[in-house]
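Step one of this worksheet: look at the structure below.
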Amino acid sequence: MYDVLVIGGGPAGLYAAYCLARAGRSVAVFEEHREIGMPVHCTGVLATGSFSRFTLPQDSIRAALRNARFHSPDGRFLSFASDQDEAVVVDRPSFDRGLADQAVEVGADLFLGHRIEALLRFPEGIVAHSSIADDGSRPIAGRLVILATGAAYHLHQSLGLGLPARFVRSAQVEVDFARLAEVEVYFGNEVAPGSFAWVVPFTRGGVPKAKIGLLSSRDAERYLARFLQSPMVAPRTLPNPQCAYRRRPVPIRPIPKTFAERVLVIGDAAGIVKPTTGGGIYYGLLTAELAAATATEAMNAGDFSARFLSRYQAAWQAALASEIRTGVLFRCFASQLSDAEIDEAFHMVASEQVGHLIRDHATFNWHKDVILALWRNANVRGFLWRSLVARGSRLVSPRLHRSDVAPAVRLSEEGSQIG
Ligand SMILES: Cc1cc2nc3c(=O)[nH]c(=O)nc-3n(C[C@H](O)[C@H](O)[C@H](O)COP(=O)(O)OP(=O)(O)OC[C@H]3O[C@@H](n4cnc5c(N)ncnc54)[C@H](O)[C@@H]3O)c2cc1C
């Protein structure tokens, strides 16, 4: 019997396996695809500091980013430039393969082409039943499961776990593209309703390329097709017959309970992503590390009860809950803005008074500080109240309760409900 079964071979699952195997635990990782890192859904933008915070494969980096240009619906733009690399673009297949290699190097077993269909508890452990048995695979038992299935929630219900309360839609393509020195981000309800679109440049084999995608409250694929045909993008896109659309729901709120008897849930499977941008790799790695620590404590104590494992939720909430609450609140508000209001927000950000708040407080991974700094600014508050009053919505209070990750705000539907 393994100490830990990890279900899902994405960044979160592979990093949890690495942490546990490095600490001398026996770990099996199950990935439903036959190849790690495929198919690719993700843009792969990661804060530069992630590489010093976690043990990550450096050779997956394809570009460094220090400049970004934000476009308003009325065609204006704001440029942000840094004198240092703020983020990098990783090639997700290489990144994930690097994580898998380092997990295997320290002793984790990797089962590819194994889709786990059921997890059944028994008094001494938990058994994973795999649907692919062409190599004669059999049910495999462990003392504990780490669920890292990404935005796939078919195992949650049978384990007594809930689902993320809200999702946004996403679609992305990779295309050959004119050489570009900065990330471009586009706002507006004609481009990406309730969210934003992006053009992220990188090179592969010396060929300039871009990941072009968007988050949207609806019809992400249709909006992406329009964006690709638009004058913002089309003139710079080079013909690329391999351009394939990837669609995916992005959870923007954590599930209520990220633990159960013999089970811990991490990364997108727990709905733990940055609600502002949908970026989830950093939080996935962080929750992987925290879950590995709790799993180790549980094995040392011989206690796999939900009560004992609840310390994992306390740990990630201490690190992330206030960030996530503030981010959810911001997204609820921002996703309601009309194009005229987004233009007005751009105008405010262009002013020295608000611009310096962003320069002083914005960081790639942590958004609470800049949101609160904006909230304290009289002009921004005036704008906020005017736009809330305009649509008859009521901001109950920016004070949020620790026990409830859902925000104390009631605005009309912003994302699609799944499950
Ligand atoms: C369009 C788009 C762009 C994005 N861009 C960024 C970005 O630039 N930066 C960023 O930080 N985040 C980004 N994200 C989010 C990021 O991709 C996720 O947060 C991240 O991949 C989550 O990692 P994970 O390990 O939790 O899940 P995943 O990466 O989804 O991995 C889960 C794995 O589990 C496997 N699996 C699922 N069910 C089973 C099962 N039953 N049995 C076996 N295996 C199973 C899946 O095949 C998958 O390989 C983006 C997301 C999208 C949709």
Side-chain angles (χ1 to χ4, degrees), residues 5-17 28-47 50 56 63 65 87-93 95-97 99-100 110-119 128-132 145-156 158-159 164 167-174 183 185 192 195-198 200 202 211-216 220-221 224 245-252 265-288 291 364-365:
L5 307 179
V6 177
I7 318 301
L14 292 167
Y15 203 69
V29 182
F30 300 91
E31 168 52 47
E32 63 186 340
H33 296 104
R34 291 185 178 278
E35 207 180 331
I36 286 288
M38 300 299 285
V40 183
H41 300 282
C42 178
T43 317
V45 180
L46 208 55
S50 314
L56 302 177
L65 304 172
V88 294
V89 186
V90 297
D91 178 56
R92 267 295 297 269
F95 183 76
D96 290 20
R97 275 197 302 271
L99 290 173
L110 193 53
F111 294 85
L112 297 179
H114 281 60
R115 178 181 162 83
I116 301 305
E117 295 289 358
L119 291 164
H129 292 268
S130 154
S131 68
I132 297 176
V145 156
I146 292 185
L147 200 57
T149 48
Y153 301 96
H154 49 286
L155 295 169
H156 283 52
S158 66
L159 296 168
F167 293 81
V168 288
R169 310 281 179 191
S170 78
Q172 179 175 266
V173 291
E174 180 183 311
V183 172
V185 183
S195 217
F196 60 90
W198 61 85
V200 173
F202 67 102
K211 299 257 177 128
I212 301 178
L214 54 82
L215 296 180
S216 154
E221 201 171 349
L224 179 58
Y245 281 73
R246 295 273 170 222
R247 286 177 299 158
R248 204 166 169 83
V250 175
I252 53 164
V265 196
I266 63 176
D268 278 23
I272 302 176
V273 305
K274 288 181 242 176
T276 43
T277 64
I281 301 174
Y282 189 91
Y283 284 10
L285 298 168
L286 194 59
T287 55
F364 190 84
N365 274 333

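One-based numbering, in listed order, for ligands and for the atoms of each.
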Under a 4.0 angstrom heavy-atom cut-off, which atoms of ligand 1 come close to [X]?
X: His114; value: 42 (N), 43 (C)
X: Gly267; value: 26 (O)
X: Gly10; value: 25 (O), 29 (O), 31 (O), 33 (C)
X: Ala148; value: 32 (C), 33 (C), 34 (O)
X: Gly44; value: 7 (C), 8 (O)
X: Val45; value: 7 (C), 8 (O), 9 (N), 10 (C), 11 (O)
X: Gly278; value: 14 (N), 15 (C)
X: Val250; value: 53 (C)

(message) For ligand 1, which is the ligand I care about here, please tell me if Val273 has any N or O atom under 3.5 Å from one of the ligand's N or O atoms.
(response)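 It does not: no N or O of Val273 is found under 3.5 Å from an N or O of ligand 1.
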
(message) Is there a polar contact, in the sense of an N or O pair closer than 3.5 Å, between Ile281 and ligand 1?
(response)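 Yes, since at least one N or O of Ile281 sits under 3.5 Å from an N or O of ligand 1.
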
(request) Tell me which part of Ile7 gets within contact of ligand 1: side chain, backbone, both or neither, using heavy atoms under 4.0 Å. (result)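 Ile7 to ligand 1: side-chain contact only, backbone stays beyond 4.0 Å.
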
Nearest protein heavy atom to [atom], by residue and atom, and its distance?
atom: atom 24 (P) of ligand 1; value: Ala12 CB, 4.0 Å
atom: atom 35 (C) of ligand 1; value: Glu31 OE1, 3.2 Å
atom: atom 39 (C) of ligand 1; value: Thr149 CG2, 3.7 Å
atom: atom 5 (N) of ligand 1; value: Thr43 N, 3.1 Å
atom: atom 40 (C) of ligand 1; value: Ile116 N, 3.7 Å
atom: atom 34 (O) of ligand 1; value: Gly8 CA, 3.2 Å

(request) Show your working on side chain to side chain contact (heavy atoms under 4.5 Å, CB included) between Glu35 and Arg97 and close with a plain yes or no. (result) CA-CA 9 Å; Glu35 207 180 331; Arg97 275 197 302 271; 4.2 Å; yes

Could you tell me the separation between the [atom1] atom of [X] and the [atom2] atom of [Y], rounded to the nearest 0.5 Å?
X: Arg169; Y: Leu215; atom1: CZ; atom2: CG; answer: 12.0 Å
X: Ile7; Y: Thr149; atom1: CD1; atom2: OG1; answer: 8.5 Å
X: Asp268; Y: Ile281; atom1: CG; atom2: CD1; answer: 9.5 Å

Testing the basics here: between [X] and [Y], what is the closest heavy-atom pair and its distance to 0.1 Å?
X: Asn365; Y: Ser50; value: ND2-OG, 4.3 Å
X: Ala12; Y: Gly284; value: CB-O, 3.7 Å
X: Gly9; Y: Glu31; value: N-OE1, 2.8 Å

(message) I want to check something: taking the side chain as every heavy atom from C-beta on, are Val183 and Val89 in contact at a cut-off of under 4.5 Å?
(response)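 When only atoms from C-beta onward are counted, Val89 and Val183 do not touch, as no gap falls below 4.5 Å.
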
(request) Check whether any side-chain heavy atom of Leu155 lies under 4.5 Å from a side-chain heavy atom of Val145, and answer yes or no. (result)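 No; the side chains remain at least 4.5 Å from each other.
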
Option nearest [atom] (shortest heavy-atom distance, choices [options]):
atom: atom 22 (C) of ligand 1; options: Asp268, Ile272, Leu224, Val200; value: Asp268
atom: atom 52 (C) of ligand 1; options: Arg92, Arg248, His41; value: His41
atom: atom 23 (O) of ligand 1; options: Ser170, Pro11, Cys42, Gly213; value: Pro11
atom: atom 41 (N) of ligand 1; options: Gln172, His154, Glu32; value: His154

(message) List the residues meeting ring-ring contact (aromatic ring centres under 6.0 Å, His included) with Phe30, not counting sequence neighbours, and say none if there are none.
(response)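 By the ring-ring contact (aromatic ring centres under 6.0 Å, His included) rule, Phe30 matches Phe111.
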
(message) Can you list everything that forms a side-chain hydrogen bond (donor to acceptor under 3.5 Å, both in side chains) with Glu117? Sequence neighbours excluded, please.
(response)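 Once residues adjacent in sequence are excluded, the partners of Glu117 under the side-chain hydrogen bond (donor to acceptor under 3.5 Å, both in side chains) criterion are Arg115, Ser131.
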
(message) Parallel, tilted or perpendicular, judged at 30° and 60°: which one describes the rings of Tyr153 and His156?
(response)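 Correct class here is perpendicular.
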
